[in-house]
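Down below is the structure, laid out as structure tokens.
The figures that follow rest on heavy atoms only: side chains count, while hydrogens, waters and symmetry mates do not. In what follows, every chain begins at residue 1, and chains take the letters A, B, ... in the order their sequences are listed.
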Number of protein chains: 2
Amino acid sequence: MLRTVSDRTDEAREPGDEPMPPADSEQLLRLERQLCFVLHATSRAFDTLYRPVLAELGLTYPQYLVMLAVWEHGERSVKELGQSLRLDSGTLSPLLKRLEKAGFVRRERSPADERSVVVQPTEEGIALRERAGDIPRRILRATGLDEQQLSELHGALSNVTSALDKAAEEIDRRE
Amino acid sequence: MLRTVSDRTDEAREPGDEPMPPADSEQLLRLERQLCFVLHATSRAFDTLYRPVLAELGLTYPQYLVMLAVWEHGERSVKELGQSLRLDSGTLSPLLKRLEKAGFVRRERSPADERSVVVQPTEEGIALRERAGDIPRRILRATGLDEQQLSELHGALSNVTSALDKAAEEIDRRE
DNA sequence: TAGCAGTCGGTTGTGCACAATCAAATGACG
DNA sequence: CGTCATTTGATTGTGCACAACCGACTGCTA
């Protein structure tokens, strides 16, 4: 059964802790479930599309993200990579080792601070950038989005993500 | 304060108000990269938020998705689960075994067709549904989205996903 | 009815992702 | 100087995800 959506939800929006009163839950809950599910699905759809394209270069999608960061900045510490890509060392360490073994990056301890490891592209890694040049365009076409839609979607996802981060942070603080 | 991905890029271009940007590939490529990245990030942000909540029930997020499907339909074949959740048997088989070992589902070969395996909730699995009842509401609040935004985002993601699926299908057909 | 192509799950191997834990280096403080 | 908390990567263990492959079952067809 389908409830009418148009019930009011107009009350004051405290970003803090509203008890979340709406009795019209059915519809909302359905939406929540669908959102989580479709997000999952979209993520995997992207992955599926990138996979064969990147395979030509010998990269996986997360490896590609790392190479993008390294190409752009010339060199990045593991910490910086982890922050910008939202990955922890348990994920990055083996991933970077695979990239090193593949010959795309060099890893070395910083002389300034022996705790940090600096990642930089090798010659081969830099050369790879050329071969990867047309990937974004190919992917872009597949999405079927124009610039407007692209940036709207990006904005919406950014907002959700930062809301979720804030919520997680909140929970963190509570213990 | 915690910044997300969408931080300003190096230049001061405001997205959305391009006058007439047909040949301006740089901007487009940047958007592509950001979209893929933020999608990845959003997916993980959701996961991070769900993780501790579901841990109370002894479920992971994909397991939760399976239970949602099973709760709703009473019983589902592995094939059906795979189709609706976009998971293949290599992922589902061990996942279902873990759910079985946890006591939430039963798995048995269909008498009608010995090839297929039917999954259904146990008593304990059905009981779990009650305890999971308030999860959507808690998550929903954390997203900070109202119903309108929620369904817009859902629509946008659905469109992208089906475009990507179509593209992948296209590629498939070409070999 | 005998054979065979297609369907359905399962297994194996690789890689991503996180939690928990650890060791080494650093930096602040007495 | 020595102590100790912090920072930084690495390691281990669990679970998700897919590709490639296998074996059992089904259903069609010669």
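- A:Asp88 and A:Thr91 form a side-chain donor-acceptor contact under 3.5 Å, judged by distance and modelled atom types alone.
- Whole-Å rounding puts the B:Leu87 CG to D:dA17 P distance at 5 Å.
- For the pair B:Arg44 CZ and C:dA19 P, the interatomic distance rounds to 11 Å; values are reported in whole Å.
- Here A:Tyr61 and B:His40 bring their ring centres to under 6.0 angstrom of each other.
- Look at CG on A:Leu99: it is 12 Å from C1' on C:dG15, rounded to the nearest Å.
- Between the CD atom of B:Glu114 and the P atom of D:dA24 there is a distance of 13 Å, rounded to whole Å.
- To the nearest angstrom, C1' of D:dT14 lies 11 Å from NZ of B:Lys101.
- If you check C:dA19, D:dC18, D:dT26 against the side chain of A:Asp88, the one that comes closest is C:dA19.
- Separating the CG atom of A:Leu85 from the P atom of C:dC18 is a distance of 11 Å, rounded to the nearest angstrom.
- For the side chain to side chain contact (heavy atoms under 4.5 Å, CB included) with B:Leu99, the qualifying choice from B:Val70, B:Val119, B:Leu59 is B:Leu59, the only one to do so.
- With no hydrogens or angles considered, a side-chain donor-acceptor pair links A:Thr161 and B:Thr42 at under 3.5 Å.
- Atom P of nucleotide D:dG9 and atom CD of A:Glu100 are separated by 15 Å, given to the nearest angstrom.
- The separation between A:Arg76 atom CZ and D:dG9 atom P is 12 Å, rounded to whole Å.
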Does the protein touch nucleotides 5-11 of chain C at the base, only the backbone, or not at all? Give it as B, S and - per nucleotide, heavy atoms under 4.0 Å. -BBSSBB

